[in-house]
Amino acid sequence: MELLFWGGITITVCTVILAAIYFTLSHLRWIRMNAQMDEEYGKKEK
C-alpha cells in the first residue's frame with residue numbers, strides 16, 4: 001500500500017516537471033518564431 005502511495009507521488013512529480021519543461025521549451029519556440037515572422041514580414045500592426 002505504501003509503495004502505491006509513493007509511486008503515485010513520484011509519477012505526479014515527474015509529470016509536473018516534464019510539463020514545466022515542455023511549456024518552457026514551447027514558449028521559447030513561440031518567441032523565436034515570432035521574431036522570425038517579424039523579420040520576414042515586418043511588425044504586426046495593431
OH (Tyr41) and CD (Gln36) are apart, to the nearest 0.5 Å, by 8.5 Å
Output the distance between atom CZ (Phe5) and atom CD1 (Ile9), rounded to the nearest 0.5 Å.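 Reported value, rounded in 0.5 Å steps: 3.5 Å.
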Tell me which pairs pass salt bridge (Lys or Arg N to Asp or Glu O under 4.0 Å) where either residue lies in residues 30-43, with sequence neighbours left out.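 Non-adjacent pairs meeting salt bridge (Lys or Arg N to Asp or Glu O under 4.0 Å): Asp38-Lys43.
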Atom CG of Leu18: over 12 foreign heavy atoms under 6.0 Å: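 More than 12 heavy atoms, drawn from other residues, nucleotides or ligands, come within 6.0 Å of this atom.
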Leu4 atom CG, over 12 foreign heavy atoms within 6.0 Å: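 Incorrect, the count does not exceed 12.
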Tyr22: which other cluster members, linking ILVMFWY side chains closer than 4.5 Å, directly or transitively? Phe23
What residues, two or more places apart in sequence or in another chain, satisfy side-chain contact (heavy atoms from CB on, under 4.5 Å) together with Ile17? Val13, Ile21
